[in-house]
Amino acid sequence: MSTETAVAPAATPRPRFPESFLWGGATAANQVEGAYDVDGKGLSIQDVMPRGIFAAPTDGPTPDNLKLEAIDFYHRYAQDIALFAEMGFSVFRFSIAWSRIFPNGDEEEPNEAGLAFYDRVLDELERYGITPLVTISHYETPLHLARAYDGWVSRELIGFYERYVRVLFARYGHRVKHWLTFNEINSVLHVPLMSGGIMTPREELSPTALYQAAHHELVASALATKIAHETGLGLQVGCMVIAMPIYPLTPDPADVLAVMHADHANLMFSDVHTRGVYPGYALRHFREHGIELDITDEDRELLRHTVDFVSFSYYMSQCESADPAAAPGPGNLIGGTTNPHLPASEWGWQIDPVGLRIVLNQFWDRWGKPLFIVENGLGAKDELVEVDGVPTVVDDYRIAYLNDHLVQVAEAIQDGVQVLGYTTWGPIDLVSASTAQLSKRYGFIYVDRHDDGSGTLTRYRKKSFGWYADVIATRGASLRG
Ligand code: BG6
C-alpha cells in the first residue's frame, strides 16, 4: 500500500428520496412502556415471558423480567418523542398494548385510563407534526386470552379483537390514519406463543390447530380492514410480515424447490391479505398434510377486504437447502441455513443490505401494493464513552448498517418500487423480543439500563443520532455508497 496521502475524491451526493417519503423509527409497547400494572393495565403474555421466546411462560411476573419496567416510555414518552423530533422524524410507529385497553381481553367495556395514555402520546406526536403509524397487536396478547382460550386457536378471539379495533378506530381514527393489524403475522407458524398467544406447547400443537389460529388472525385482520374502510375517515390499513429473502444454498434444482416451499410458507400471509383468497399452493399444502380448516362462507367474504399497503420488517436473508443435514443458523424467528457469503451481527443475524432491494422488488412485483419498511436495524453491544466531555456511543457499525440498507432502498425506488417510508427498529434502546435483553441495543438513543435491571434510565444521544438527523434533513443525499 502506498504511503502517500491519498486525497479522497469528493463524494457525489446521492439522489434524494421522494418528498412524501416518511422517515422515523418503530417500537412496541411491551418492549418500551414498562408500567406493566399501572392505570388498570392487565397482564399480557410478555409479562410472563421473562427470558424471551424460547422459554416456557412463568406463573406470573418475575423481578427478572426487564419488560415490566422496560425503558419506562409510559412515563418518559414526552422526552423520548422530543428526541425523535430533534432527529426530524416524520413518522413514529408504536403499538397499543391491548391489555391496557381491555385488561383481560374479553370485557365489554374498555379501560379509560389506558385509552387516555395513547391520547397523550398522540398529543405529543401532533405537537411535532409526526405521523403516527399504529400496530394494533404486537406480540402482546392479553394473558387471560392466552390462558382461557389458547389464544388465536380459538375463533372467539376474532370477536374480542373486533371489539378492540372498533374502540381504537372510534377513539383515535380522526388522528391516526395508518394502522397495522398484526406485527409479523407470518411468525405465528414459528413462535405460536409470542405471536399468537397460544399456550399449548409448540410440540403438542397439531398443524391443523396452528393453521386454524393463523386463519383466525387473517380473518380478524380482514375484518379490521373492512371496519377501517367503513369509518369513512380515510384510514389506511397494512398487513405486517417478516420479510426474509431466501436464497438456494446451491444451484441444485432441489435446493431451488426448497426455497419455493419456504417462500410459500412466509408469503401465504401477504398473498391472502392482498388477494383476498388462499393461494393454490396453500390449499395443496393443507390437503397433503391432513390440515382440515374450519373456513366459513362468512370468513371467505371477509377475506376479500384486502389491505391498502404491505409493511414488513427486514433484518436478514437466509439460505435454504434440500439437504436435511444443512444446519439451521440463528436468525429472526424464521431459522434458515447460514449463507457463506455474508457477515453476521453479534447475535448471528446475517447482514445483507442487497437482500432488502431484492425483497422490495419481489413484493412490489408480486402484489403491486405500496410498501412500508417498518423495521430494520442492527442489534449490537454498545459502550458508553465520553467524547468532548459528553457521554455518547461511537456506533459506526450501526451507521454503516443503516447507511447500506438505505442505499438499497434508494436503488429499489429507482427500480420503480413504491416505498411509503422507513422506520428503523428501536430508535431508542429497548428490550429485545427474542432474548429479552437490553444489551442487544438498536437505538440512536442510549438508555442507561442493563440486563441485570440496574441503571438510571437516563437517555444519551449516540453518534448515529446526528447521522440519522442528517440523512432525514437531506432526504438521503448524505448517504454514502
Ligand atoms: C421483530 C419484532 O421480529 O424484530 C420486534 O417485530 C423485535 O418486536 C425485532 O424486537 C428485533 O428482534 P430482537 O429479537 O432483536 O428484539
Side-chain angles (χ1 to χ4, degrees), residues 28-29 44-45 95-99 101-102 104-108 110 134-146 148-170 172-173 176 178-189 191-199 208-231 235-242 268-278 282 293-311:
S44 92
I45 52 166
S95 73
I96 291 180
W98 189 345
S99 61
I101 311 304
F102 287 97
N104 284 322
D106 58 1
E107 297 91 339
E108 296 285 331
V134 173
T135 317
I136 296 169
S137 179
H138 190 133
Y139 293 160
E140 49 214 355
T141 308
L143 183 60
H144 173 70
L145 296 186
Y149 300 86
D150 211 10
W152 283 93
V153 170
S154 165
R155 183 174 277 278
E156 280 176 274
L157 261 78
I158 300 174
F160 302 141
Y161 183 86
E162 175 181 0
R163 194 178 299 157
Y164 170 49
V165 299
R166 282 190 188 281
V167 166
L168 298 189
F169 294 160
Y172 310 119
V176 177
H178 298 82
W179 297 85
L180 308 180
T181 50
F182 289 95
N183 183 63
E184 298 187 334
I185 188 168
N186 49 347
S187 66
V188 70
L189 301 182
V191 281
L193 171 59
M194 185 165 80
S195 187
I198 300 169
M199 293 301 263
T208 296
L210 190 53
Y211 274 98
Q212 189 67 49
H215 174 69
H216 293 150
E217 289 195 45
L218 287 166
V219 171
S221 182
L223 178 56
T225 308
K226 175 177 183 283
I227 297 168
H229 291 164
E230 285 171 355
T231 62
L235 307 188
Q236 298 276 301
V237 180
C239 57
M240 195 307 201
V241 292
I242 298 183
M268 180 196 85
F269 290 81
S270 325
D271 279 347
V272 174
H273 271 107
T274 53
R275 298 171 179 164
V277 289
Y278 278 96
L293 298 186
D294 169 27
I295 302 179
T296 66
D297 288 344
E298 195 192 350
D299 292 348
R300 287 198 181 84
E301 263 316 297
L302 283 172
L303 289 180
R304 292 188 186 285
H305 293 270
T306 54
V307 288
D308 303 297
F309 63 97
V310 173
S311 77

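In this chain, residues are counted from 1 in sequence order.
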Please round to the nearest 0.5 Å and tell me the distance separating atom NZ of K226 and atom CD of E162. 8.0 Å
Are S137 and Y164 linked by a side-chain donor-acceptor pair shorter than 3.5 Å? no
dist H216:NE2 -> D299:CG (nearest 0.5 Å) comes out at 7.0 Å
Heavy-atom distance under 4.5 Å between the side chains of R304 and V277, does that happen here? yes
Should V310 and C239 count as side-chain neighbours, where that means a heavy-atom distance under 4.5 Å? yes
Rounded to the nearest 0.5 Å, how far does CE of M268 lie from OH of Y211? 6.0 Å
Does any part of the side chain of T141, heavy atoms only, come nearer than 4.5 Å to the side chain of Y161, both counted from C-beta? no
Aromatic ring proximity W179/F169, centre distance under 6.0 Å: yes
What is the distance from atom CD1 of I96 to atom OG1 of T135, rounded to the nearest 0.5 Å? 9.0 Å
Is any side-chain heavy atom of Y172 less than 4.5 Å from a side-chain heavy atom of L168? yes
How long is the straight-line distance from CZ of R166 back to OG1 of T231, given to the nearest 0.5 Å? 10.5 Å
Quick one, L189 and F269 - any side-chain contact, counting heavy atoms below 4.5 Å? yes
Could you tell me the separation between the OG atom of S221 and the CD1 atom of I158, rounded to the nearest 0.5 Å? 11.0 Å
Pair N104, H144: side-chain N/O donor-acceptor within cut-off below 3.5 Å: no
Report the residue from S95, S44, S187 that forms a side chain to side chain donor-acceptor pair (under 3.5 Å) with Y139. S187
Donor on one side chain, acceptor on other, Y278 and H215, under 3.5 Å: yes
So T306 and T274, do their side chains get closer than 4.5 Å, heavy atoms only? no
Parallel, tilted or perpendicular, judged at 30° and 60°: which one describes the rings of W152 and W98? tilted
Are the side chains of T181 and H273 in contact, using a 4.5 Å heavy-atom criterion? yes
Answer yes or no: is there a side-chain heavy-atom contact under 4.5 Å between D150 and I198? yes
